[in-house]
Amino acid sequence: MSKQLLSQIPAINKILLLDEVKALINEYTEVAVKSAIKEYIDRIKQEILNEELFEVPSLEKIVVEVAQIVKKEDRNSLRRVINATGTILHTNLGRSLLSQKIKENIESVAFNYSNLEFDIDNKKRGSRYVHLIDIIKKLTGAEDVLVVNNNAAAVLLTLNTLVKDKEIVVSRGELVEIGGAFRIPEIIKLSGGTPIEVGTTNKTHLKDYENAINDNTGALLKVHTSNYKILGFTKEVSNEEISYLARENELVSINDLGSGQFVDFSKYGLPYEPTVKEVLDSGIDIVTFSGDKLLGGPQAGIIVGKKEYIEKMKKNQLTRTLRVDKMTLAALEATLKLYLDEKEALEHIPTLHMISLSKERLFGKADILKTRLSDLDFKITIAEDKAEVGGGSYPASYLESVVVKLEHPRLSATELERRLLEVEIPIITRIKDNELILDMRTLRTREFDLVKQALIEAAK
Ligand SMILES: *Cc1c(COP(=O)(O)O)cnc(C)c1O
């Protein structure tokens, strides 16, 4: 029985002659298509032998299945998704999106030779670290700048260079752990320093820092409590007080801001947080922050502050191991240039744009999407909801948002959610009260057609 079935399976060469298969070869490669045919035929053979299949699939069916295998195999592991969750800096979805405005900059540096380490004016070897100095100085008032791979690296390099073998005083209220196993006490130890915890979880006073200072003390470290908030009976010591105390005792004052920002977002409904410039103005010696959180640029760790300290960091062997590549530098420089005009930054840097969208504009987007989807088999409602900045910034704060809720006559919200993850460009959604939610803060108008296609495919 199975022997006879096996003999009916068409030969690979015959399948290759089909017009649909030729078209596939044109779109992908012959190697890919042949390998997909082989994979499918092997699968059929196995199913026949296991007595799970009692009929050889038609040529039409074979073509459809082979096309699916080719497509799937062609997909990159790292690929585009659509973020409809309302969490702007979604750590799992790549944090900040780069501005379309900086595309040319990245292309021109990535696909051509560049002056990465060449000083054109003096016709001699240059440094990759010079390219961002002027722009960051201008935006933050810093004396000097160093950019490394990410902010975790920035903290490690700062501590290792300036206070290795010394004690580093940090408040118990600021012993942060962020996702991916970055813990402040561990990073301090890794840098060679010894963490000295002072104060309590909810209150740390200036005298707690004062009492901890001895001959072995190297630095007073403040850490932004990026992903949690201590509420109620609380007290933290200001940047001004920390920097003053450090200076009096000839110590270094450091602030790991995490998600550093150049713009005051309090006018968009978020709590006030000092900008990088304000923290430096308060007298702190070294400030570190991420490139791809609230700044809205590529992954990077930015160190700003006193020249004498940053000069030392540049000479540390670790700097070479943490160095940024040219595409990062190109993307960061171009992103930062947008900040020279705050209006430009707010309009063209996606992270800033999403934070600053007004409720009217969000309602406008929801109306457009509702109309676009009106011919589909979904019940669509527009409602107000809450979105968040995410990415370890503004913990426990929400942005007002507008969402489009979808209900399908046959599919449950969880089933629909699952199917939307399986389409060509997966749509990441949220479920609330058994309804599927698309949040207008993160879903971009240019993605509406893709959402529509995905919904059509998912509801098939
Ligand atoms: C996010 C964050 C870091 C790590 O920054 P990466 O750029 O993710 O390496 C370090 N410290 C604080 C306080 C943070 O919020």
Side-chain angles (χ1 to χ4, degrees), residues 87-98 132 136 145-160 168-191 193 195 197 201 204 219-230 236-237 239 242 253-262 265 270-271 273-276 279 284 286-305 313 318-319 321-325 327-329 331-332 335-336 351 388-397:
T87 301
I88 298 172
L89 296 173
H90 201 304
T91 305
N92 303 145
L93 306 183
R95 286 195 189 160
S96 274
L97 310 188
L98 296 179
L132 288 160
I136 296 180
V145 179
L146 182 60
V147 177
V148 289
N149 180 61
N150 60 1
N151 186 39
V155 176
L156 180 68
L157 177 63
T158 299
L159 297 175
N160 179 264
I168 294 148
V169 186
V170 59
S171 159
R172 289 200 171 87
E174 299 174 1
L175 297 174
V176 180
E177 168 174 322
I178 55 166
F182 173 93
R183 287 180 155 185
I184 286 294
E186 302 303 319
I187 285 285
I188 293 175
K189 285 183 215 156
L190 196 59
S191 76
E197 301 170 7
T201 306
T204 304
L220 306 181
L221 171 66
K222 265 184 87 63
V223 183
H224 188 256
T225 57
S226 302
N227 47 9
Y228 65 99
K229 207 174 173 94
I230 298 173
E236 69 170 300
V237 179
N239 284 314
I242 289 279
S253 58
I254 302 166
N255 190 331
D256 172 19
L257 271 186
S259 189
Q261 60 202 73
F262 291 172
F265 292 111
L270 289 168
E273 292 273 1
T275 61
V276 174
V279 177
I284 294 285
I286 293 290
V287 176
T288 65
F289 54 100
S290 284
D292 59 346
K293 289 185 180 172
L294 282 171
L295 215 62
Q299 177 190 304
I302 304 167
I303 307 169
V304 292
M313 294 183 206
L318 255 187
T319 300
T321 69
L322 307 173
R323 82 176 189 184
V324 276
D325 93 315
M327 285 186 282
T328 303
L329 291 170
L332 192 55
T335 303
L336 291 170
T351 300
E388 56 184 342
V389 180
S393 50
Y394 295 107
S397 301

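Just follow the structure's listing: the first ligand is 1, and inside any ligand the first atom is 1.
In terms of the salt bridge (Lys or Arg N to Asp or Glu O under 4.0 Å) criterion, Lys229 has no residue partners (sequence neighbours excluded). The salt bridge (Lys or Arg N to Asp or Glu O under 4.0 Å) check on Lys222 picks up Glu174, Glu236, with sequence neighbours excluded. Judged as a side-chain contact (heavy atoms from CB on, under 4.5 Å), and not counting sequence neighbours, the contacts of Glu186 are Arg183, Lys189.
Distance CG/Leu97 to CG/Asp292: 11.0 Å, rounded to 0.5 Å. We find the CD1-NZ distance between Ile88 and Lys293 to be 15.0 Å, quoted to the nearest 0.5 Å.
Checked by atom type, the side-chain pair Thr288/Thr158 shows no donor-acceptor distance below 3.5 Å.
Ligand 1 lies under 4.0 Å from heavy atoms of Arg95, Asn150, Asn151, Ala152, Ile178, Phe182, Val223, His224, Ser226, Asp256, Gly258, Ser290, Lys293.
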